[in-house]
Amino acid sequence: MTTCWWLDLPQTEYGQALDLQLAIVDAKTSGRLDPDVVLSVEHPRVFTLGRRGGRENLCVTDSFLTEKGVSVVPTDRGGNITYHGPGQLVVYPIVHLGRRRFKVVDFVSGLEQAMIRTAAHWGIPAGTDPANRGVWLNGDKLGSIGITVRRGVSFHGLALNVNTDMEPFGWINPCGLNQVRMTSFERRLGRLVPMGEVRQVMAENLAAILGLKLATVTLAQLYEEIECEA
C-alpha cells in the first residue's frame with residue numbers, strides 16, 4: 001500500500017488553499033512528488049463557482065456580500081455554486097487516479113462514502129441521492145463534492161457541514177438546486193461537534209475506503225518536497 005500524506009491546515013483563505021493544491025498537482029504531474037496528498041482545512045466565508053457557473057444562483061447583491069464579508073471566487077472544479085465557512089470540514093484529496101487505478105466515478109463515490117461513515121460515527125444516518133451527487137439527510141444536503149482531474153491527478157474535493165453557519169446557504173441556490181435545504185451535524189444533533197475529532201474520523205474513513213496508508217506531514221515538510229516557498 002503506497003503512503004499518502006495527510007496535512008491538517010489551520011483556517012486558510014480559499015485562494016491560498018487553491019494555490020497550494022495547484023502547486024502539489026504541478027509537483028505530481030512533473031514527477032517531483034510521488035506521494036498523494038490529502039489536505040484537511042476550514043475556510044473563512046466564501047462562495048465558490050464551479051465549471052457550470054453559479055453566479056446566476058446567487059440570490060443577493062454584491063454590495064450585500066461585501067457588507068457581510070463574503071467573497072465570490074470562480075474555480076475550475078465540477079459543479080455549481082457552493083459555500084465554505086468556519087465549522088465546515090473541507091478535504092482536498094490530491095490523488096493520482098491512474099496509479100491508484102481509480103475510475104473517477106468510483107473515486108467520487110468513495111468520497112461520498114467517507115462522509116456517510118463519518119456522519120454515522122455520530123449516529124447521523126446520511127446517504128446518497130441517485131439524482132444528485134453529495135450526501136443527504138432526510139432530503140436535506142449534508143455534504144457536497146466537486147473535483148477536477150488534471151493529467152490524471154484529482155484535486156478540489158468534499159465539504160461536510162459540521163458546525164457550519166447555515167445562513168449563507170440561504171443566499172444561494174446550493175449547487176444550482178432550487179429549494180434545497182442544507183443541514184449540518186450541529187443542526188441534527190443540537191450541539192457542537194469537536195472539529196478535531198471529525199478530522200480524525202474522516203482521515204480514518206478515507207484511508208479505509210480508498211485504501212490509503214496515511215502519514216501526517218507538516219506544511220513546512222510539504223513545501224520542501226514540492227519545492228515551493230511558503
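We're numbering straight along the sequence, starting at 1. Atom set for the values below is all heavy atoms of this structure, side chains included, hydrogens, waters and symmetry mates excluded.
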Determine, stepwise, if the pair Leu18 / His156 fulfils side chain to side chain contact (heavy atoms under 4.5 Å, CB included). CA-CA 8 Å; Leu18 180 57; His156 296 291; 3.6 Å; yes
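- Using modelled atom types, one finds no donor on one side chain facing an acceptor on the other under 3.5 Å when comparing Thr29 with Arg150.
- Contact annotation: the side chain of Leu206 approaches that of Leu111 to within less than 4.5 Å [non-hydrogen atoms, C-beta and beyond].
- Side-chain atoms of Thr183 do not come within 3.5 Å of backbone N or O of Leu142 as any donor-acceptor pair.
- With contacts defined as side-chain heavy-atom distances shorter than 4.5 Å, the pair Asn138/Arg188 qualifies.
- Nearest approach of Leu219 to Leu7, heavy atoms of both residues: N-CD1, 3.6 Å.
- Glu112 meets the side chain to side chain donor-acceptor pair (under 3.5 Å) test with Arg133; sequence neighbours excluded.
- Between Tyr92 and Arg77, every side-chain heavy-atom pair lies at or beyond the 4.5 Å cut-off.
- At least one donor-acceptor pair closer than 3.5 Å links the side chain of Ser154 to the backbone N or O of Val95.
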Apply side chain to side chain contact (heavy atoms under 4.5 Å, CB included) to the pair Leu20 and Leu9, showing each step before the final yes or no. CA-CA 11 Å; Leu20 178 57; Leu9 293 169; 4.2 Å; yes
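- In this structure, Thr118 and Val198 have side chains that are in contact, with non-hydrogen atoms separated by less than 4.5 Å.
- Checked for salt-bridge contact, Arg99 and Asp34 meet the test: a charged N lies under 4.0 Å from a carboxylate O.
- Remark: the backbone N or O of His96 is paired with a side-chain donor or acceptor of Asp36 at under 3.5 angstrom.
- The closest side-chain heavy-atom distance from Val90 to Tyr14 is not below 4.5 Å.
- Between the side chain of Asn163 and the main chain of Val193, a donor-acceptor pair closer than 3.5 Å is present.
- Distance alone, capped at 3.5 Å, is enough to place a donor-acceptor pair between the Lys28 side chain and the Pro35 backbone.
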Before giving the answer on side chain to side chain contact (heavy atoms under 4.5 Å, CB included), spell out for Trp171 and Ile81 the whole-Å C-alpha distance, their side-chain angles and the decisive distance to 0.1 Å. CA-CA 11 Å; Trp171 305 338; Ile81 192 169; over 6 Å; no
Begin with the C-alpha distance, continue with both residues' side-chain angles, and end with the deciding distance and a verdict on side chain to side chain contact (heavy atoms under 4.5 Å, CB included) for Trp6 and Leu212. CA-CA 10 Å; Trp6 175 274; Leu212 306 175; over 6 Å; no
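- Side chains of Ile24 and Leu222 form a contact here, defined as non-hydrogen atoms less than 4.5 Å apart.
- Of the candidates Met166, Lys141, Arg187, Arg187 is the only one forming a side-chain contact (heavy atoms from CB on, under 4.5 Å) with Arg181.
- Heavy-atom minimum distance, Ser144 versus Met115: O-CE, 4.0 Å.
- Only one option out of Thr128, Leu210, Asn205, Val135 pairs with Gln113 in a side-chain contact (heavy atoms from CB on, under 4.5 Å); it is Thr128.
- A donor-acceptor contact shorter than 3.5 Å is absent between the side chain of Arg117 and the backbone of Ile209.
- What you find for Trp5 and Glu225 is that their closest heavy atoms are CH2-CG, 3.4 Å.
- By the side chain to side chain donor-acceptor pair (under 3.5 Å) test, Asp26 pairs with Arg32, sequence neighbours left out.
- Side chain of Ser109 to backbone of Phe107: no donor-acceptor contact under 3.5 angstrom is found.
- At distances below 3.5 Å, not a single donor-acceptor pair connects side-chain atoms of His43 with backbone N or O atoms of Gly85.
- One N or O on the side chain of Arg199 and one on the backbone of Ser40 form a donor-acceptor pair closer than 3.5 Å.
- When hydrophobic clusters are built by joining Ile, Leu, Val, Met, Phe, Trp and Tyr residues whose side-chain heavy atoms come closer than 4.5 Å, directly or via intermediates, Ile124 is not grouped with Leu192.
- Without hydrogens or angle criteria, Asp106 side chain to Phe102 main chain gives no donor-acceptor distance under 3.5 Å.
- A salt bridge does not link Glu167 to Arg45: none of the charged nitrogens lies less than 4.0 Å from a carboxylate oxygen.
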Carefully, step by step, assess Glu204 and Gln200 under the rule side-chain hydrogen bond (donor to acceptor under 3.5 Å, both in side chains). CA-CA 6 Å; Glu204 293 169 359; Gln200 180 60 40; 3.1 Å; yes
